[in-house]
Amino acid sequence: MAVFVNGVIFDGIDTSAQDCWKLEAYVARGGYQALRRIIESKMAQEDVIAEVKNSGLRGRGGAGFPTGLKWSFMPRSFPGDKYVVCNTDEGEPGTFKDRDILRFNPHALIEGMIIAGYAMGTKAGYNYIHGEIFEEYELFEAALDEARQAGFLGNNILGSDFSFDLFAHHGYGAYICGEETALLESLEGKKGQPRFKPPFPASFGLYGKPTTINNTESFASVPFIIRDGAAKFLEAGKPNNGGTKLFSVSGHVNRPGNYEIPLGTPFSVLLEMAGGMRDGKKLKAVIPGGSSAPILPGDVMMQCTMDYDSIAKAGSMLGSGAVIVMNEDVCMVKALERLAYFYHEESCGQCTPCREGTGWLYKVIHRIAQGEGRPGDLELLDSVGNNMAGRTICALADAAVFPVRSFTKHFRNEFEYLIEHKKPLVDHKWC
Amino acid sequence: MLEIEIDGKKLTVPQGSTVMDAAHSVGTYIPHFCYHKKLSIAANCRMCLVEVEKAPKPLPACATPVTDGMKVHTHSDMAKKAQAGVMEFLLINHPLDCPICDQGGECQLQDLAVGYGNSSSRYQEEKRSVVGKDMGPLVSAEEMSRCIHCTRCVRFTEEIGGFQEIGMANRSEFSEIMPYLGKTVNSEISGNVIDLCPVGALTSKPFRYSTRAWELSRRKSVSPHDGLGSNLVVQVKSNEVMRVLPLENEAINECWIADRDRFSYEGLNSAERLQKPMIKFDGKWHETDWETALAYVVKGLNGVSADHGKDAIGFLTSPHSTTEELYLAQKLARAFGVNNIDYRLRRSDFSADAAQQGAQWLGSSIAELTAAKSILVVGSTQRKEQPLLASHLRQAVKKGSALNVIHVAGDTLLTAVNAKLIVSPLALVNALAQVLKAVVEIKSAQTAVDLAAVVVGAEAQAIAASLTGAESAAIVLGNVAQHHPAFAQLLKLAQEISALTGARFGLLAEAANSTGAELVGALPHRAAFGAAATAGLNAAAMIAAPRKAYFLLNTEVEFDSYNPQAAVAAMKQAATVIALTAYKGAGLLDYADVLLPIAPFSETAGSFVNMEGKLQSFNGVVRPLGETRPAWKVLRVLGNMLGLTGFEQNSAEEVRAELLAKGSIESAFNNALGDVAINAAVTTGLVRIGEVPLYQADAICRRAQSLQQTADATAPVARAHSSLLARLNVAAGKEGLLRQGSGELKVLVEADDSLPADTVRLATAHPLTVGLGGMFDSIELTQG
Ligand SMILES: Cc1cc2nc3c(=O)[nH]c(=O)nc-3n(C[C@H](O)[C@H](O)[C@H](O)COP(=O)(O)O)c2cc1C
Ligand code: SF4
Ligand code: SF4
Ligand code: FES
């Protein structure tokens, strides 16, 4: 059950209403007004981009890159084909926000992408949807049909000379296809493997044409920004951290779910919204931004506000906004073993350090967790990680190393204990 | 130009260079695996990490573009640590079984591990093992645990081979290099992946485990197969050719060779090699010594000449023989008074002989051909005739050339084709005439050719537009055009189009020394460098009007002739058939009466002139096998024994010098023909498309066992359009009866709707089909 508070994307949605995703309901909530205004006022492309820039919207896919700035990199006057692509490949453990956007408010994404298409002079867009969500994919196709029929998509949108169409692509569930260039390869029908950059997608993207890729939530925030103004969006958050953001809260809380709250909200407030710790257990640790983000001890988290800057200062990242809450019954060795297993499985396998390193990390951590650790294993993990991070084609290798570094830093005693005593310090309780 | 400093050395490099390019240009070695100058950049192995000042992390040299003022350190602490880290990763799952690995001694991983790795491993976990794959009879992929996932093989098949036959399946450390499930790797240039693979994952199936790389000596040579003239490194141990590799020559074969160039050496060591002279008497073959055999030959030639005159003797030679051999053969024939000499056994049209003005050749260099912006290939089953040139043409298309095709079958060329006109052999002249007519119209020009009845179709129009619109163009005639019964008209039409478009025009020389044979005058109407010759009979005439004696140089007429049925019959009726041959093939044993063992290219010095007219000389790489002798020596001795003058040469070099003193190669070529009457009317009827299979082209490759196990060597099948099969009431998928002249054959019939109507495609030059007749003659097909 999803819970939304004060959102821009989920503003006014009653998620329990069957038809809340439909065009009619979206229009009733003020949907497609932004697009209408742009088209009717013949708003200049650079003004649309400026508005997005001014809103302080930062990419919601993980890296937090300013969206307006990214749009401005697009060679708008390039005469050939250009594309906008939405990344709904949401595969990062802990993240489940984009799925809810498709489920409850697909038209916000559609409108956002049309506006992006307008601003960057593209005629076609694609939404790459994670292979393991089926109903949402079908629902999105249905929403596309509605938009087409209403004249928001297709030729001469709302009677103007602007034409744009949008297509959904259902992936196959590989995490790596969330990396934007692997996504493009996959969209082209090839094996999903990241490309070496440069060239960047803005110059060599889908089918080798200029392409802008944004996360679902990034696009879905755009209609609000245009309709209600950049300032209003910016004000909702804090400087350099504009707007509200969706947080997918999971783990040992009473009410796991998605929370759309202003950036800058204290973590303690978010935890409270999520019903606080389950069974009154103590907060041990939090991964604040999806599995790739470094873990932070609970007391450090309690001092943080939920925005890019504060979390970065504490030594982690806001990432995709997946907040994984762990209580005192979690064995950190076991938790890390599970994460290491994920990256070992999901590496695309092309770069030597990642292909070999993710396996090596997992095998060592697994051995430690089995009570077969050896002295020197922690130094080995550190050194292997150092040989991986920053030496590969994409950031998956880094993403695999961050948890290892942070777990063994903040909870070193648990690892040392297990290596020395062949049994865990914390008796892990599954729940 | 950009300035860059590498390890303190300052240099300037062109815009767009990578750090790797820059390093190469000053001879700085940066370790690498995935990088290859002819393949796209994958940047996946990470072995080439270097330190770039102001960059926070090491960067891959192969993929990092040079920026102005960049400072690179390839040996700094940061670089060395990064390289050692990558090497450690590469080795943790590598079997490290170098002592039993076939790549041992020539392994890039082994070499680099010594320089960049540690002596002990920190990896204490279980190593991965990967099951072997079946890539077919040429490339072994048994030891895939050794693969380091550099994807060179994958990129090669896609980018150079034209079709991605090898891929990397699965993810993470479970990634595996494999062919399509249940499929082998069938590219005709597949063996190059063996050279590309930096480790012992992909190895040569015929070669592996036969010897150690360091026991081999390397000798330079030239490929004796197609007309490209690929340069070879032949590797030898104990007087035996063990392996063949490419010798890099950017102007000809780049760093590649075709599988035929690479694996044919197995034929050199074939059990069918003739090792002693043999004479047939009492209906049986007897081994004998050279003296006896040569005396027998001299007696035979003198006898026939005394009884029937010199004209009763015919010399049939092979364009796979060396320039020196062909030169001496025609010299011997002419000195003896025989004018019947030819190398063009697979030709059927000699009507332009009188109109010929020079030696026939490509009409340009290979580089000029592939640089042409518009290329028209007429009558060529490209990938099976000139496999590597076909790949060069694919690269040309990638660089922006338009490839146009006029042919008798619509085989895929694995590349984009601009316009394609696929017609029956009976309409080939008409097809090219259509292009000429369209060119005349586009240019509002005149031509002497009567084109009134020719109707220009859309494809011909597109080809003409391509040729006329391009800033450079070339028209080349392939084997099918050269063997075609209207070859002279095809060449003349190409000449007419060339005259109006400025396109270069010429022949894709069929064999390694077709062009050389033209030069030396192994022809009935021209002697060396076009010197006048008393006219003799051409190859077809020597068969049509059978001779009393045949002198065969390096040819098996049942496989090498336009009409094997007629050729074998002619041999059988002769009083004597003298064969200089490296093999005692079944056909020769049947129709010859004396066999003289001559050296294949690997056992003699000599030279081949490739399609672009480049003379490339080579030395023997091993001693002649058994009592085999180089053919030039045999011919010289025969000259002496026949009492002829001018046969005193002491080496192949002397023979070559004598030839080259007679004229200049550069000015010897001229494809222009005098008057040739063009008849562009299309006749109707059922004709055969009888091409030479890839691995039946010459005596050596016919005996290369591994090549004979490839998909390209499967038994011939008769293919025809399904509408034709329906009309003839012949079932596809069943045996049908093929008949040409007195020969008939039951063979599997298959429907192939990419063929023109009224054609039956059935290979020639194959043991199964030698009983049939002409390659492009009429044929009957019934259910039988
Ligand atoms: C391994 C890996 C997985 C990723 N997965 C996702 C994903 O599932 N969804 C997403 O939006 N971005 C993902 N990203 C980030 C994208 O590459 C890209 O930065 C993002 O889609 C850009 O959109 P934004 O600027 O709107 O955030 C991933 C990156 C990496 C390296
Ligand atoms: S870092 Fe890993 S996931 Fe990313 S491209 Fe390299 S091997 Fe693939
Ligand atoms: S098989 Fe050889 S060439 Fe192919 S990826 Fe593996 S190591 Fe590279
Ligand atoms: S050679 Fe540069 S990454 Fe492989």
Side-chain angles (χ1 to χ4, degrees), chain A residues 172-177 182 190-199 340-368 372-374 376-377 379-381 383-394 396-398 400, chain B residues 18 32-34 40-50 55-60 62-65 67 78-79 81-94 109 121-128 147-151 154 158 164 167-177:
Chain A
Y172 225 80
Y175 171 58
I176 194 59
C177 289
K190 302 181 193 148
K191 187 181 179 189
Q193 286 189 162
R195 298 175 183 166
F196 182 83
K197 286 145 286 208
Y341 180 77
F342 174 80
Y343 290 105
H344 173 219
E345 281 285 314
E346 297 291 340
S347 157
C348 85
Q350 60 176 329
C351 316
T352 305
C354 177
R355 176 182 67 246
E356 306 296 341
T358 50
W360 196 354
L361 290 178
Y362 168 67
K363 285 172 196 164
V364 173
I365 297 162
H366 176 66
R367 205 164 34 70
I368 298 173
E372 290 160 18
R374 306 188 187 116
D377 272 351
E379 292 71 24
L380 179 64
L381 286 178
S383 156
V384 170
N386 287 343
N387 284 342
M388 294 167 65
R391 304 203 175 158
T392 54
I393 290 178
C394 86
L396 186 137
D398 299 77
Chain B
T18 62
H32 58 268
F33 292 109
C34 68
S40 65
I41 288 167
N44 58 27
C45 77
R46 301 276 138 179
M47 192 62 218
C48 67
L49 291 173
V50 294
K57 25 181 216 186
L59 298 177
C62 68
T64 303
T67 53
M78 187 206 256
K81 269 197 194 131
Q83 292 159 3
V86 172
M87 182 49 83
E88 179 179 40
F89 283 130
L90 284 171
L91 293 179
I92 62 171
N93 274 307
H94 192 81
L109 185 64
S121 173
R122 302 191 292 166
Y123 184 74
Q124 306 287 323
E125 324 305 319
E126 209 177 308
K127 282 190 189 251
R128 149 179 90 223
C147 168
I148 58 166
H149 304 90
C150 69
T151 70
V154 176
E158 181 174 1
Q164 202 199 76
M168 188 162 93
N170 304 336
R171 286 199 304 251
S172 75
E173 65 161 309
F174 310 112
S175 298
E176 288 183 24
I177 294 292

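Proteins come first, then strands; the chains are lettered A, B, ... in the order of their sequence lines, and each starts at number 1. Note that this is a predicted model, so its numbers are computed, not measured. Side chains are part of it too, since the values below use all heavy atoms of this structure and drop only hydrogens, waters and symmetry mates.
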Engineer: Heavy-atom pairs under 4.5 Å with chain A - which of B:Glu125, B:Met168, B:Lys57 has more of them than the others?
Structural biologist: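 That would be B:Glu125.
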Engineer: Return the set of residues passing salt bridge (Lys or Arg N to Asp or Glu O under 4.0 Å) with B:Glu176 (not counting sequence neighbours), or none when no residue passes.
Structural biologist: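 Expected list: B:Lys133.
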Engineer: Answer with side chain, backbone, both or neither: which region of A:Ala174 has an atom nearer than 4.5 Å to a non-hydrogen atom of chain B?
Structural biologist: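 Both parts, backbone and side chain.
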Engineer: Report the option among A:Ile176, A:Leu380, A:Thr358 that has the most heavy-atom pairs separated by less than 4.5 Å from atoms of chain B.
Structural biologist: A:Leu380
Engineer: Against chain A, label B:Ser175 side chain, backbone, both or neither, depending on which of its atoms sit under 4.5 Å from a heavy atom there.
Structural biologist: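 The answer is the side chain of B:Ser175.
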Engineer: Tell me, for B:Ala84 versus chain A, whether the close heavy atoms (under 4.5 Å) come from the side chain, the backbone, both or neither.
Structural biologist: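 It is neither, since no heavy atom gets under 4.5 Å.
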Engineer: Among A:Gly359, A:Pro353, A:Gly357, A:Cys351, which has the most heavy-atom pairs under 4.5 Å with chain B?
Structural biologist: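 Heavy-atom pairs under 4.5 Å are most numerous for A:Pro353.
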Engineer: Can you tell me if B:Thr151 and B:Asn44 form a side-chain donor-acceptor pair at under 3.5 Å?
Structural biologist: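 Checked: B:Thr151/B:Asn44 side chains pair up, N/O donor to acceptor below 3.5 Å.
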Engineer: Would you kindly say whether A:Thr352 and A:Arg391 are connected by a side-chain donor-acceptor distance under 3.5 Å?
Structural biologist: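 No, because no side-chain N or O of A:Thr352 sits under 3.5 Å from a partner of the opposite role on A:Arg391.
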Engineer: Output all residues satisfying ring pair (Phe, Tyr, Trp, His ring centres under 6.0 Å) with A:His344, sequence neighbours left out; order by chain, then residue number.
Structural biologist: A:Tyr362, B:Phe174
Engineer: Counting only heavy atoms closer than 4.5 Å, note whether B:Glu126 contacts chain A via side chain, backbone, both or neither.
Structural biologist: backbone
Engineer: Do side-chain atoms of A:Lys191 reach the backbone of B:Asn170 as a donor and acceptor pair under 3.5 angstrom?
Structural biologist: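 Indeed, once roles are kept as given, a pair shorter than 3.5 Å links the two residues.
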Engineer: Contact part of B:Pro60 toward chain A, heavy-atom cut-off under 4.5 Å: side chain, backbone, both or neither?
Structural biologist: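 The side chain, not the backbone.
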Engineer: Can you check whether A:Ala389's main-chain N or O pairs, donor with acceptor, with A:Asp398's side chain at less than 3.5 Å?
Structural biologist: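 Not a single qualifying donor-acceptor pair exists.
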Engineer: Heavy-atom distances under 4.5 Å only: say whether B:Ile148 touches chain A with side chain, backbone, both or neither.
Structural biologist: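 The answer is the backbone of B:Ile148.
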Engineer: Does any backbone or side-chain atom of A:Glu345 lie under 4.5 Å from a heavy atom of chain B? Answer side chain, backbone, both or neither.
Structural biologist: both
Engineer: Any ion pair linking A:Glu372 and A:Arg367 (charged N to carboxylate O, less than 4.0 Å)?
Structural biologist: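 No, A:Arg367 and A:Glu372 are not salt-bridged.
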Engineer: Counting only non-hydrogen atoms closer than 4.5 Å, does A:Lys363 touch chain B with its backbone (N, CA, C, O), its side chain (CB onward), both, or neither?
Structural biologist: both
Engineer: With only heavy atoms counted, which part of B:Leu90 is less than 4.5 Å from chain A, the side chain, the backbone, both or neither?
Structural biologist: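 For B:Leu90, heavy atoms of backbone and side chain both lie under 4.5 Å from chain A.
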Engineer: Measure across A:Ala182 and A:Cys177 and return the closest heavy-atom pair with its distance rounded to 0.1 Å.
Structural biologist: CB-CA, 4.1 Å
